[in-house]
Number of protein chains: 2
Amino acid sequence: MDAYHKLITFKIKPSVQRIAIMDYLLTHRTHPSVDEVYTSLCEAMPTLSRTTVYNTLELLSESGAALMLTIDEGKVCFDGDTSPHAHFLCRKCGKIYDLPVESTIKEVMGLSPDGHVIDEVHYYYKGTCKNCLAK
Amino acid sequence: MDAYHKLITFKIKPSVQRIAIMDYLLTHRTHPSVDEVYTSLCEAMPTLSRTTVYNTLELLSESGAALMLTIDEGKVCFDGDTSPHAHFLCRKCGKIYDLPVESTIKEVMGLSPDGHVIDEVHYYYKGTCKNCLAK
DNA sequence: GTGCTTGCAAATCGTTTGCAATAGC
DNA sequence: GCTATTGCAAACGATTTGCAAGCAC
């Protein structure tokens, strides 16, 4: 699905900026930070403001069109892939990798044994990635 | 185990401040932020500085004597309980609850199918807690 | 006395806010 | 024209840094 239709699907009114940001998330599976999205899009859209990127990414994650990741302390990252998967952060190079989940995240959703309602699940792993191990 | 011996176990040189901070984490299972630890300890130790709290909590989490939680975007929390368990954040009241983990986190530790070395695992759940549901 | 630990103040950085300019129906 | 969206600049708050003073062996 392209960016425009993903916005429509999640009931988000499309605008030039929103489509560009959604498209960036869908075509760059690098789990970018706000600043990476902003800086990358600025080349093609020089009038884009950081505020709009903040607003839009918040809107996307609240609407369910993107995931807000807090695996990296001190700065938030975003993922346009909203299918169930886990995330791995390499402490050496700082890259975030996708990992498959054994027991699907969907099973956890709903009411916890303690009586809390769970509507969002994140599995975060940290360590050293394959590439950094080889060095 | 008391704070002093937990520091020794994790090869951390004890000091008055480090013992006080470790003790705070062991006796307050509220997943406090840096500021909560600092403010609470300041009453009894007026000369304590925020820098020391930052340094010590970083040292504790790097040494494995405490967990650094990033479930709450924008500010980091700490947990003196280093046994395997998951965390649930209530978006209404902001409290973090401990949850038991079905498949133990220890099983995940080690080499991932992709060849990355995993040495830290966090399971984060978000939603509305029992108490807030009742209101 | 040497090296580690602490504490203060200033700086930094990601993020939020207030508000005016703009775009879309 | 009305409402929602965008963009700028200033404010904010958590965290980091530089460095001097203090403590322990």
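This structure is a prediction, so every number in the text was calculated from the model and none was measured. The chains referred to below are lettered A, B, ... by the order of the sequence lines, with proteins before strands, and numbering in each begins at 1.
Screening residues 44-71 of chain B for ring-ring contact (aromatic ring centres under 6.0 Å, His included), with sequence neighbours left out, gives no hits.
Aromatic ring pairs are classed by plane angle as parallel below 30°, tilted from 30° to 60° and perpendicular above 60°; the pair B:Y125 and A:Y123 is perpendicular. Taking the six-membered ring where tryptophan is involved, the planes of B:Y124 and A:Y124 are perpendicular, since the angle between them exceeds 60° and thus also 30°. Between B:H116 and A:F88, the two ring planes are parallel [angle under 30°; tilted spans 30° to 60°].
We find that B:R50 and B:D35 are joined by a salt bridge, their nearest charged nitrogen and carboxylate oxygen being less than 4.0 Å apart.
Across the protein-nucleic acid pair, B:K75 atom NZ and C:dT16 atom C1' stand 16 Å apart, rounded to whole Å. In this structure, A:K13 places its NZ atom 8 Å from C1' of C:dC25, rounding to the nearest Å.
Contact annotation: A:Q17 side-chain N/O to C:dA23 OP1/OP2 distance is not under 4.0 Å.
Shown here are the side-chain hydrogen bond (donor to acceptor under 3.5 Å, both in side chains) partners of B:Y38, two or more places apart in sequence or in another chain: there are none. Annotation: salt bridge (Lys or Arg N to Asp or Glu O under 4.0 Å) contacts of A:K75 (sequence neighbours excluded): A:D72. Legend: residues meeting ring-ring contact (aromatic ring centres under 6.0 Å, His included) with B:H5, ordered by chain and number and at least two apart, are absent.
Running 5' to 3' along DNA chain D, contacts with non-hydrogen atoms of chain A at under 4.0 Å begin and end at D:dA4 to D:dA9.
Against DNA chain C, the stretch residues 26-60 of chain B makes heavy-atom approaches under 4.0 Å through B:T47, B:L48, B:S49, B:T51, B:T52.
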